[in-house]
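Starting off with a structure, shown below.
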There are 2 protein chains.
Amino acid sequence: MRSSTVLSRRDLDFLLHEWLQVETLIKRPRYAEHSRETFDAVLDLAEEIATEHFAPHNRTADENEPRMVDGKVVLIPEVAAALKVFTEAGLMAGEFDEAYGGMQLPHTVGQAVFAWFKAANVGTSSYPFLTMANARLLLTHGSEEQKRTYVGPMVEGRWFGTMALSEPQAGSSLADITTRAEPQDDGTYRLTGNKMWISAGDHELTENIVHLVLAKIPGGPAGVKGISLFVVPKFLVDDDGSLGERNDVVLAGLNHKMGYRGTTNTLLNFGEGVHTPGGRAGAVGYLVGEPHRGLTYMFHMMNEARIGVGMGATVLGYTGFLHALEYAKTRTQGRPAAAKDPAAAPVRIIEHPDVRRMLLAAKSYAEGGLALGLYCARLVDEEQTAEDAADRARAHLLLDTLTPIAKAWPSQWGPVADDLAIQVHGGYGYTRDYPVEQFYRDNRLNPIHEGTNGIQALDLLGRKVVAQGGEGLRLLVEAIRATTARAAGTGWSDFAADLDAAVERLAAVTATLWGTGDAELALANASAYLEAAGHLVVAWLWLEQALATGTATSDFHEGKRVAARYFHRWELPKVHVQFDLLESLDRTVLDTAESWL
Amino acid sequence: MRSSTVLSRRDLDFLLHEWLQVETLIKRPRYAEHSRETFDAVLDLAEEIATEHFAPHNRTADENEPRMVDGKVVLIPEVAAALKVFTEAGLMAGEFDEAYGGMQLPHTVGQAVFAWFKAANVGTSSYPFLTMANARLLLTHGSEEQKRTYVGPMVEGRWFGTMALSEPQAGSSLADITTRAEPQDDGTYRLTGNKMWISAGDHELTENIVHLVLAKIPGGPAGVKGISLFVVPKFLVDDDGSLGERNDVVLAGLNHKMGYRGTTNTLLNFGEGVHTPGGRAGAVGYLVGEPHRGLTYMFHMMNEARIGVGMGATVLGYTGFLHALEYAKTRTQGRPAAAKDPAAAPVRIIEHPDVRRMLLAAKSYAEGGLALGLYCARLVDEEQTAEDAADRARAHLLLDTLTPIAKAWPSQWGPVADDLAIQVHGGYGYTRDYPVEQFYRDNRLNPIHEGTNGIQALDLLGRKVVAQGGEGLRLLVEAIRATTARAAGTGWSDFAADLDAAVERLAAVTATLWGTGDAELALANASAYLEAAGHLVVAWLWLEQALATGTATSDFHEGKRVAARYFHRWELPKVHVQFDLLESLDRTVLDTAESWL
């Protein structure tokens, strides 16, 4: 197996097969046509296309960010060329139904496949990422006509999709969007408003763009309960699927970011009268599902997107780690600290313990995050295709509970892996001659978008662990204890015991916080709760991986074991600092007056 | 007092006067001409010039990095203009002797003054930073002729200086430099070799550039004991101080960095025969001090530079914090987590506890780092001007012990303050329309240059805490215990008790590590030791600051107290995770085989 600095196929195979046993999914009707061979083939294809068509223009796209020329977005040509190869290989369709030309891949495999593209070039990969999420949302909540009209062209890669949620004054707080959707006599709507931070919001990559737009229908309830979801295509679509009039969606500006520059990020104006479909003002939109339920539908997609953001953060950290590992094996510098002979030849820097510490830490974050992302994907497969309804419900609730962690943990620690990757490179890592500084900049977006990590913390502590009487948390604790029970009597019993102790505290602290009956106090330190829960969950998945190595003695399996030991000894203990703080119901932050800052 | 987003004069006044009592220095002969009024005047001047001449082109310099045109460095004109104002105001001369036209400011005040420039524009401030360090080194170790020839023009700002240490193959490991210095009959040397990462290595800002270059005289001992230091001017200087022939120092290339772009960073070739002074090959160099003692002299400067790097990291975090604070006070978004009315108006984001948490954390890192930097500067003043020799020796040893912490701690946590500043800004913070992303990129250099943080860890644990039988560590512990003793019986006794417990462990862990008699094992986890020691030291300085607030009740003083509480409750406990690990003599990293990674 060739080695890659993009991502590790060996690790993916371990996670998919030695650990998550994805081949067992083949027994289910939806995946009956699949086999280990088909999974391998699509992973081979992904690696090849990501390596040969996505990775090579990652730096070029960073250096030549999208420009607006005569109202149109100009991208470097490599982006369109790579996406053409991607869609022609059928990869956009990977997880979709055969009816749409898809392969009906399990989501677990689909995530592993797509991880190659995010790792190779997160900017270019955003276009299909958003398109697939858009298509999946329409498949779940759209009308038959909407599915017929929009999903096919997106799965084929002829049209791309967006998610148009935020506005300049309403990012985290979608309740405050002001985009209006006026109902028309023909059942359509006319939208007016401005949308901000819209990735892939405009470009010439495809002949049409399908925007999914949140807007308020006048007269609806205030806040999040008055938000509806609309399909707003850039070009209206005639009954036969051909493109008609230009809709009134206008590119108003591009955002210039620190990283993630390959992805066009736009300010879009809807219904400003630049174009007037049918001679009337307003962008034409089609209601998805029922009025006022838009945020519910969107959250379905956003949960998926959040796990996807976590995966992106992980694999950006992962590729940083692999680059640093390669560098550390070749760069020579200095001698062992205890060496006495100044005339001895310099050693490769991987021989310095502190460099191995940095690599080991980065490995534990990158591989730990990847395990988390694929575990969540496995839950999606359970949720959607498990035979037993109770199993599906259990997977759904566990996934719901894990989602804020799956978004926030990798987006906190993936960037740390990239930070360590720079540090391993020394001064060279700080230059633009090496790729790690770009990974670091690209990855910095992840704690912000798809719900900031602070919002994930409120979601976890304020909603997820209390929903259904705490059933989600109970399921999580049960899952972790099942693992620690398996570890008893193995060489991992110490790790299991420490994990059990931490889980005990998670449950106790949750009870303490909500036992106050004071939501403001309970939620004040939610970020510490999220961080502790995240570290605990990843420690659990490291124990899972350690157990999955069994008695195998290859270097690869030893690597899994040493990273598990690292996480057990260096990382897991950190949760107690956070649990101590939470248990004390510390009011420092809550009681800080603005004027003191 | 006007408020600034560059730096806080109020905080500087607190640290200098309410805490460090710098006015007491006026009793010493060197500072006898000074007064609170002269200190205030120079700080006023620094704030004004930094704000009006340095800050405005910080982004411009980032967007227009130095270019090489026809072998010369082209900078945006604002750099030269700002530096002209700086030197004409006499700020380059601030700390120097009156004999050189200097103000003889205490170093503590000088550091506070210079902090304004680093915070406003770290790129432009590098030129005077390096020049001052260069001049100070020559004043300490240079001959009378070298002082006469080079120091005056540098203090006047007519010439700038550099430090040319690293080579492409020798960054951290200076023992491996290959630049040669051949002695000549006239007592000069001819240098040949390539120097990498030379900041301010070439430019047209001044008529001459004074390089301090490490090189090996053939026949000297191997390793660091065979390195000598040379003055190598860009233009040779005639006896009357006028410029003579071009020396053979040639700009070979510019490094393109992620941040810190305003500072020209160069690859310089010495003695490649492009110029041939006196018709002979080699760059003309003048030995500083004795042969083979170059690294000792350079370390004198590097210790100063390390504290300076820490100060730079701190104030870059500080300005990030101030920008985030201003943003949080004006940007509205969302409602309190416990609020029920969706029609209520959105609140300013500072009203969200998690935003206050981020601001409080950033404040504790930025102000804590500033306290550390100024405390070290105060030790420099003690070391140089205390009346009693024992006091000078004590200050010297304590400073020596603290130096790796003063470099590494702010360069770890200053970037975290900037990371939090981005997060407070949300998506806007990730764009180049706001300054915080640049602070984050700029600050990422600091854990790398002037000795990576991994090297600081080896310096602290491998040298500083064991030097002179552990006397440096004993002095540090004594200083901390003096503070905790003062805190007994105050409202800060809990903090003091926790700090005492942590200090106890620092001493015990140090003994345990070295008690193994196994240097490789003792040093394997040195980074954890450095991080714990750093957090402990900054916790101590937060207790110092808390005590210095006395009974004052202003918002400013409340702010100091709440940041001290934050550091006590949220940050100090982290050290125990590291002490536990160190105490266990964990071998995970040490025993990790390269092939497992």
Side-chain angles (χ1 to χ4, degrees), chain A residues 171-173 175-176 197 222-223 255-258 325 333-334 337-338 342-343 346 350 353-354 356-357 359-360 363 423 426-427 430-432 437 444-445 447-448 452 454 458 462 519-520 523-524 527 555 558-559 562 565-566 569-570 573-574 577 580-581 586 588-590 592 594-597, chain B residues 171-173 175-176 197 222-223 255-258 325 333-334 337-338 342-343 346 350 353-354 356-357 359-360 363 423 426-427 430-432 437 444-445 447-448 452 454 458 462 519-520 523-524 527 555 558-559 562 565-566 569-570 573-574 577 580-581 586 588-590 592 594-597:
Chain A
S172 296
S173 179
D176 295 315
W197 310 121
N255 293 309
H256 300 287
K257 294 162 289 168
M258 172 166 67
L325 179 59
Q333 192 79 180
I350 200 167
D354 197 54
R356 288 207 301 282
R357 172 191 65 85
L359 292 170
L360 201 45
K363 178 183 171 83
Q423 196 68 15
Y430 193 66
T431 70
R432 308 202 296 279
E437 66 85 28
R444 184 60 189 81
L445 179 60
I448 298 171
T452 63
L458 295 175
E520 196 184 17
L523 294 172
S527 283
D555 279 341
E558 291 292 355
V562 75
R565 272 197 296 280
Y566 169 84
R569 295 182 187 169
W570 286 68
K574 293 178 182 172
V577 174
D580 288 346
L581 181 86
D586 187 78
T588 310
V589 165
L590 197 58
T592 296
E594 165 184 344
S595 57
W596 299 349
L597 288 166
Chain B
S172 296
S173 179
D176 295 315
W197 310 121
N255 292 308
H256 300 287
K257 296 162 290 170
M258 172 166 67
L325 179 60
Q333 193 78 180
I350 200 168
D354 197 55
R356 288 207 300 284
R357 171 190 66 83
L359 293 169
L360 202 45
K363 179 183 171 81
Q423 195 68 15
Y430 193 65
T431 69
R432 308 201 298 279
E437 65 86 26
R444 183 62 189 80
L445 178 60
I448 298 171
T452 64
L458 294 176
E520 196 185 19
L523 293 172
S527 283
D555 280 342
E558 292 291 355
V562 76
R565 272 198 296 280
Y566 169 84
R569 293 181 187 168
W570 287 68
K574 294 177 182 172
V577 174
D580 288 346
L581 181 86
D586 187 80
T588 310
V589 165
L590 198 59
T592 295
E594 165 183 345
S595 57
W596 300 348
L597 288 167

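Letters A, B, ... mirror the listed sequences (proteins, then strands); counts begin at 1. Owing to the predicted nature of the structure, the values given are computational and were not obtained by experimental measurement.
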Worksheet item: Looking just at side-chain N and O atoms, do A:Ser527 and B:Asp354 make a donor-acceptor pair shorter than 3.5 Å?
Response: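 Checked: A:Ser527/B:Asp354 side chains pair up, N/O donor to acceptor below 3.5 Å.
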Practice prompt. Determine the option with the most heavy-atom pairs under 4.5 angstrom with chain B, choosing from A:Leu590, A:Thr588, A:Leu359.
Written response: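 Max contact count across the listed options: A:Thr588.
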Discussion item. Counting only non-hydrogen atoms closer than 4.5 Å, does B:Leu325 touch chain A with its backbone (N, CA, C, O), its side chain (CB onward), both, or neither?
Written reply: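 Contact with chain A is through the side chain of B:Leu325 alone.
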Worksheet entry | Atom of B:Val589, atom of B:Asp586 and distance for their closest heavy-atom approach |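 Looks like N-OD2, 4.4 Å.
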Fill in: Most chain B-contacting option - heavy-atom pairs closer than 4.5 Å, from A:Thr431, A:Leu581, A:Leu458
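Option with the top pair count is A:Leu581.
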Discussion item. If I measure from the heavy atoms of chain B, does A:Leu523 come under 4.5 Å with its side chain, its backbone, both, or neither?
Written reply: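 A:Leu523 touches chain B through side-chain heavy atoms alone.
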Worksheet item: Looking only at heavy atoms, which two atoms of A:Trp570 and B:Val577 are closest? And how far apart?
Response: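 Closest approach of A:Trp570 to B:Val577: O-CG1, 4.5 Å.
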Worksheet item: Highest number of heavy-atom pairs under 4.5 Å with chain A: which of B:Glu558, B:Lys574, B:Arg444?
Response: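 Looking at each option in turn, the highest pair count goes to B:Arg444.
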Worksheet entry | Choice from B:Ala524, B:Gly454, B:Pro573, B:Pro447 maximising heavy atom contacts with chain A below 4.5 Å |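 Looking at each option in turn, the highest pair count goes to B:Pro447.
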Fill in: When A:Tyr430, A:Trp197, A:Trp596 are compared by non-hydrogen pairs under 4.5 Å with chain B, the top option
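It is A:Tyr430.
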Worksheet item: Side chain, backbone, both or neither: which part of A:Ile350 has a non-hydrogen atom closer than 4.5 Å to chain B?
Response: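 For A:Ile350, the side chain is the part near chain B, not the backbone.
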Discussion item. Below 4.5 Å, heavy-atom pairs only: which of A:Glu520, A:His256, A:Arg565 has the largest tally toward chain B?
Written reply: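 The residue among A:Glu520, A:His256, A:Arg565 with the greatest pair count is A:His256.
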Worksheet item: Contact part of B:Leu445 toward chain A, heavy-atom cut-off under 4.5 Å: side chain, backbone, both or neither?
Response: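 For B:Leu445, backbone and side chain are both near chain A.
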Fill in: chain A contacts, top residue of B:Ser172, B:Ala519, B:Gly462 (heavy-atom pairs, under 4.5 Å)
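Ranked by heavy-atom pairs under 4.5 Å with chain A, first place is B:Ser172.
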Worksheet entry | Contact winner vs chain A - B:Glu437, B:Arg357, B:Gln423, B:Lys363, heavy-atom pairs under 4.5 Å |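 That would be B:Gln423.
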Worksheet item: Listed by chain and number, what are the salt bridge (charged side-chain N to carboxylate O under 4.0 Å, His left out) partners of B:Glu594, not counting sequence neighbours?
Response: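 Expected list: A:Arg348.
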Worksheet item: Which residue out of B:Ser595, B:Gly223, B:Gly559, B:Ala343 racks up the most heavy-atom pairs below 4.5 Å with chain A?
Response: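 With the most close heavy-atom pairs to chain A, the winner is B:Ser595.
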